[in-house]
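Position 1 is the first residue of the sequence, and the numbers go up from there.
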Amino acid sequence: MEECCSTKPKKEQHKHDHSEGDGHDHSHDTGDKTVFQMFLPAIVSFVLLLVGIVLDNYIKTDWFTGWVRLVWYLAAYAPVGLPVLKEAWQSILQGDVFSEFFLMGIATVGAFVIGEYPEGVAVMLFYSVGEVFQGMAVSRAKGNIKALLDQRPDEVTVMENNQPKIIKAKEARIGDVVQLKPGEKLALDGELLSDSASFNTAALTGESKPDTKNKGEAVLAGMINMNSIALVKVNTAYEDSKLSKILELVQNATAQKAPTELFIRKFAKVYTPIVVFLAIGICLLPYFFVDDYQFRDWLYRALIFLVISCPCALVISIPLGYFGGIGAASRNGILFKGSNFLDSIAEIQNVVMDKTGTMTEGVFKVQEVNIMPEFSKDHILKMVNALESKSTHPVATAIHNYVGEIDHSLPMENVEEIAGHGLKAAIEGKELLVGNFKLMDKFSISYNVKHTDIVYTVIAIAYDKKFAGFITIADSIKSDAKETVDNLHKMNVKATMLSGDKSTVVKYVADQLGIDRAFGDLLPEDKVNKVKEIKAKNQTVAFVGDGVNDAPVVALSDVGIAMGGLGSDATIETADVVIQDDKPSKIPMAINIGKQTKKIVWQNIILAFAVKAVVLVLGAGGLATMWEAVFADVGVALLAILNAVRIQRMKFG
């Protein structure tokens with residue numbers, strides 16, 4: 001975020017480009033300063049000003065006159081005034097003459113010239129206090145974002161001389177061997193060294209079914225190891241990982257300006273020179289029209305006019321309002337890549353979402369168990385659980401989680417995994433088959449099940465040459481998915497689901513959630529065409545996805561939202577908003593934050609213009625003093641800042 005009041009505009013760029021600053025980052029960088037250190041110059045100035053006012057008005061002394069009085073007020077002015085005068089000079093050297101610093105400088109120096117010392121100090125003092133408050137607000141928002149992104153996995157376990165050693169992920173070198181425990185997220189791209197391992201890859205492929213990788217195959221940052229220790233050889237540097245790229249994007253988030261913010265900056269660039277020339281006119285033109293023209297009186301009016309007309313409240317509070325929105329979102333696990341997307345998301349009419357990994361968990365769970373009456377359900381499940389314990393496939397984990405403890409006492413022989421089909425073994429001297437229906441066909445097991453009509457993954461079971469039943473396993477709906485759709489409807493926002501999964505599965509999930517429209521069996525290009533159809537109806541669209549196959553439609557939408565916890569690099573980089581914890585309930589929350597931010601920004605615009613218009617007229621007519629000018633400028637700015645900061649304290653959860 002650049003300085004609060006400079007009128008020099010940012011470079012406008014494409015919404016996904018990184019923007020550069022204008023080179024001015026003045027009083028907002030609070031660094032490691034304490035609150036006392038930040039306010040110290042203002043405290044010194046305030047104490048000296050207060051003593052001066054007391055000596056002027058309440059304790060009359062002979063010595064507090066002339067040059068002593070001038071030096072006293074100059075001492076009060078210096079801590080807060082000199083930094084602003086320095087900024088004004090640097091702005092002039094860079095070609096930006098009519099900056100906020102210049103206006104404040106000539107107004108306060110002019111007050112000293114005509115002998116209004118307390119007013120000159122007061123104007124600069126309150127202005128500096130406003131700057132400190134703004135710096136604190138910006139620092140807090142930055143802190144929220146930094147704390148959010150510091151949750152990334154910073155450590156990895158590398159193998160040295162066959163011994164595990166924990167090191168910083170950024171210290172891992174290409175060629176290092178990383179040990180990945182079950183449940184851990186891979187922090188770097190690499191090559192699998194273990195014979196096989198199962199990973200949750202829904203984020204990368206858009207497929208419901210987790211993927212079993214074999215030795216030598218590529219594994220990517222963001223994949224989660226499912227159930228056994230895996231060894232991965234690093235082939236990508238840490239700084240090129242997904243989460244490192246997100247951090248880089250965050251650091252450039254405030255370079256993306258909202259239309260309102262860009263307008264105010266352009267407005268200030270034209271407005272400020274006009275104000276300066278009007279002030280000169282107020283000072284000099286009455287000489288030709290007023291009989292009892294007094295230069296000092298009209299100069300005082302011109303200075304009042306300058307102080308009142310400073311666009312401080314607008315140029316401070318509007319960027320701060322958007323920055324506050326970004327900070328509030330980050331505190332709730334939502335990353336906005338720029339303030340322009342806060343504006344855009346506030347206008348969304350239709351949220352289009354993917355299914356797998358977005359509205360569903362991407363983790364298999366047993367849905368239904370159908371065992372033929374002639375078999376003992378408990379006995380069959382115990383045998384299936386024991387046999388599946390020999391497999392690393394995620395289906396085995398789902399069955400184990402459903403059945404419970406494995407019965408190792410069961411006599412099991414000739415265990416065999418038939419690729420693409422399932423498992424076979426002899427238990428109690430009888431053949432047990434567990435797999436898909438192709439396995440049943442392979443061993444000529446007859447069954448009377450229309451498995452093609454079943455929407456879930458089906459695990460068929462045969463025992464002693466007879467079909468014993470089947471287990472359906474499916475990806476479960478996220479716990480907050482229904483709440484998400486309900487909240488969208490309360491905002492009069494439609495919900496549409498697009499997925500590459502079977503239409504029957506998509507329709508089932510959509511019916512459970514109350515989604516308005518749902519489409520399945522879609523390729524990535526089909527999703528793009530569906531979004532184009534919605535946009536053709538003059539509806540603003542947000543698309544929510546997490547897989548590589550979602551990147552094209554994320555880019556096409558008015559606001560692209562990525563699930564960042566498991567989301568792919570391509571989708572996260574293309575998206576405008578990233579939900580860090582993968583909770584769909586953050587979608588309506590993000591829309592609400594956008595709406596509240598826009599509301600606060602417009603409150604500040606109306607407040608600033610209304611107060612300034614009234615006091616400008618009074619000042620030009622000689623009815624307002626420098627103290628009213630201070631309120632119109634700095635007072636309104638402080639009110640606007642406090643209003644802007646308010647969004648960071650709102651509860652959206």
| request: Would you please test Val80 and Phe46 for side-chain contact (heavy atoms from CB on, under 4.5 Å) and show each step? | output: CA-CA 10 Å; Val80 292; Phe46 176 73; over 6 Å; no
| Intermediate values then yes/no, side-chain contact (heavy atoms from CB on, under 4.5 Å), Ile92 and Phe101 | CA-CA 10 Å; Ile92 291 170; Phe101 310 108; over 6 Å; no
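Under the side-chain hydrogen bond (donor to acceptor under 3.5 Å, both in side chains) criterion, Asn487 pairs with no residue at all, not counting sequence neighbours. Here Lys86 pairs with Gln90 under the side-chain contact (heavy atoms from CB on, under 4.5 Å) rule; sequence neighbours left out. Taking Asn592 as the reference, nothing meets the side-chain hydrogen bond (donor to acceptor under 3.5 Å, both in side chains) condition, with sequence neighbours excluded. Considering only residues two or more places apart in sequence or on other chains, Ser344 meets the side-chain hydrogen bond (donor to acceptor under 3.5 Å, both in side chains) condition with none of them. For Glu116, the side-chain hydrogen bond (donor to acceptor under 3.5 Å, both in side chains) partners at least two apart in sequence or on another chain are Arg296.
For the pair Ile591 and Leu488, the minimum side-chain heavy-atom distance is below 4.5 Å. Under the 4.5 Å side-chain criterion, counting only non-hydrogen atoms from C-beta, Lys583 is not in contact with Thr484. Under the 4.5 Å side-chain criterion, counting only non-hydrogen atoms from C-beta, Trp63 is in contact with Leu55. At least one side-chain heavy atom of Met563 sits less than 4.5 Å from a side-chain heavy atom of Pro584. Residues Ile593 and Gln596 form no side-chain contact, since every pair of their non-hydrogen atoms from C-beta on lies 4.5 Å or further apart.
In this structure, Arg69 is not positioned above the aromatic face of Trp72 in the sense of NZ or CZ being under 6.0 Å from the six-membered ring centre and within 45° of the axis.
For residues 277-290, no pair satisfies side-chain hydrogen bond (donor to acceptor under 3.5 Å, both in side chains), with sequence neighbours left out.
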